[in-house]
J.: 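Dropping a structure here in structure tokens format, bear with me for questions.
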Amino acid sequence: MTTVIPLPAPVLLLVAHSDQTFPVRRVYCVGRNYAAHAIEMGHDPNREPPFFFQKNPDNLQQTAEFPYPPLSTDVHHEVELVVALKQGGDTIDAVDALDCVYGYAVGIDFTRRDLQAEAKAAGKPWTAAKAFEHSAPVSPIVPAQAIGHPMDGNIWLKVNGEAKQQGDLNQMIWKVPEIIAELSKLFTLAAGDVIMTGTPSGVGPVSRGDVVSCGIDGVATLTVAVV
Ligand code: MN
């Protein structure tokens, strides 16, 4: 059987030290998962149930450039640990959840903060603030087989060499196994799903011409130029 339109291109992420790629199915993101970031955004840092939003698979990009999006004048960087799943399911127990993880990467959840603020004020969805073109640069995926499952480690982001975000993975309010467990109550997870796990404090704006570098110790680094 043929298709009535050309098949959309699959989204394939590079895997570190490999000529194989990781095909993406869905992208989930966790909101407010570091207390200091919740506070800087004006929210209660106490442990509330996690909440989720999505980006589009093809928002993930592995190029050296981040094109500044239209219709915003306040685009913020959010450096995040990215989790890539090799299997999924429903109602996954947290103690089994790491069995689902293929590997990890560092990524940036670029956010149109002005559109997000308007959406929050109006009780509208965040889609335009979060799921725009090129909004999720991500490093090559590093297999858990090579690095294990990072539970702590420095997570940082610099703009033009100046430190902006700084945290530790051990400051995550909801840890990776808990995030997978919670997501799997709401959605059927599957191989190819990617989870962005929230950002530490220090988010701020970027401008065309900036060079944004970020990393997670023991996982990966990533550099993108804002164009
Ligand atoms: Mn985020």
Side-chain angles (χ1 to χ4, degrees), residues 13 24 26-45 47-61 66 68-69 72 74-85 104-120 124-139 141 150 153-159 164-176 178-180 182-183 186-187 193-206 210 212-216 219-220 222 224 226:
L13 297 181
V24 179
R26 295 181 184 170
V27 182
Y28 296 103
C29 306
V30 185
R32 282 172 225 147
N33 201 29
Y34 290 74
H37 173 62
I39 292 167
E40 77 179 349
M41 297 302 292
H43 298 285
D44 184 342
R47 187 169 152 119
E48 302 171 342
F51 72 92
F52 305 103
F53 57 92
Q54 286 180 275
K55 289 184 185 257
N56 300 297
D58 67 348
N59 296 155
L60 295 169
Q61 64 160 26
F66 167 65
Y68 200 95
S72 176
D74 192 26
V75 175
H76 279 202
H77 53 75
E78 298 189 354
V79 61
E80 311 205 355
L81 174 70
V82 177
V83 182
L85 300 189
Y104 297 90
V106 63
I108 305 173
D109 167 17
F110 274 115
T111 302
R112 283 166 162 150
R113 194 70 77 204
D114 43 3
L115 299 195
Q116 186 191 35
E118 288 172 19
K120 285 180 178 178
K124 290 178 178 173
W126 291 5
T127 310
K130 290 290 194 178
F132 56 91
E133 309 310 326
H134 314 287
S135 61
V138 62
S139 74
I141 296 171
N154 190 25
I155 176 169
W156 56 272
L157 180 143
K158 296 177 181 179
V159 178
K164 296 291 186 184
Q165 290 192 261
Q166 173 80 70
D168 193 291
L169 296 183
N170 66 18
Q171 297 165 342
M172 290 170 62
I173 297 170
W174 293 86
K175 312 300 184 192
V176 170
E178 296 171 317
I179 292 168
I180 292 170
E182 291 294 317
L183 266 175
L186 292 162
F187 307 101
D193 289 349
V194 168
I195 306 168
M196 303 187 77
T197 58
T199 196
S201 61
V203 300
V206 296
D210 285 345
V212 181
S213 56
C214 60
I216 299 171
V219 179
L222 172 68
V224 291
V226 184

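Counting begins at 1 with the first residue of the sequence. Atoms within each ligand, like the ligands themselves, are counted from 1 in listed order.
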J.: Under 3.5 Å, is there a donor-acceptor pair linking the side chains of N56 and D58?
T.: no
J.: For E40, which residues count as a side chain to side chain donor-acceptor pair (under 3.5 Å) partner, sequence neighbours excluded?
T.: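 Partners of E40 by the side chain to side chain donor-acceptor pair (under 3.5 Å) criterion, ordered by chain and then number, come out as H37.
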J.: I'd like to verify the contacts: list protein N, O or S atoms under a distance of 2.8 Å from the Mn ion (ligand 1).
T.: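 Sorted hits: E78 OE1, E80 OE2, D109 OD2.
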J.: Answer yes or no: is there an ion pair linking K130 with E78, defined by an N-O contact shorter than 4.0 Å?
T.: yes
J.: Is there side-chain contact between D109 and K55, with at least one heavy-atom pair below 4.5 Å?
T.: yes
J.: For residues F132 and L115, determine if any side-chain heavy atom of one lies less than 4.5 Å from a side-chain heavy atom of the other.
T.: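 They are not in contact (no side-chain heavy atoms under 4.5 Å apart), so the answer is no.
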J.: Below 6.0 angstrom between ring centroids: does that apply to F51 and W126?
T.: yes
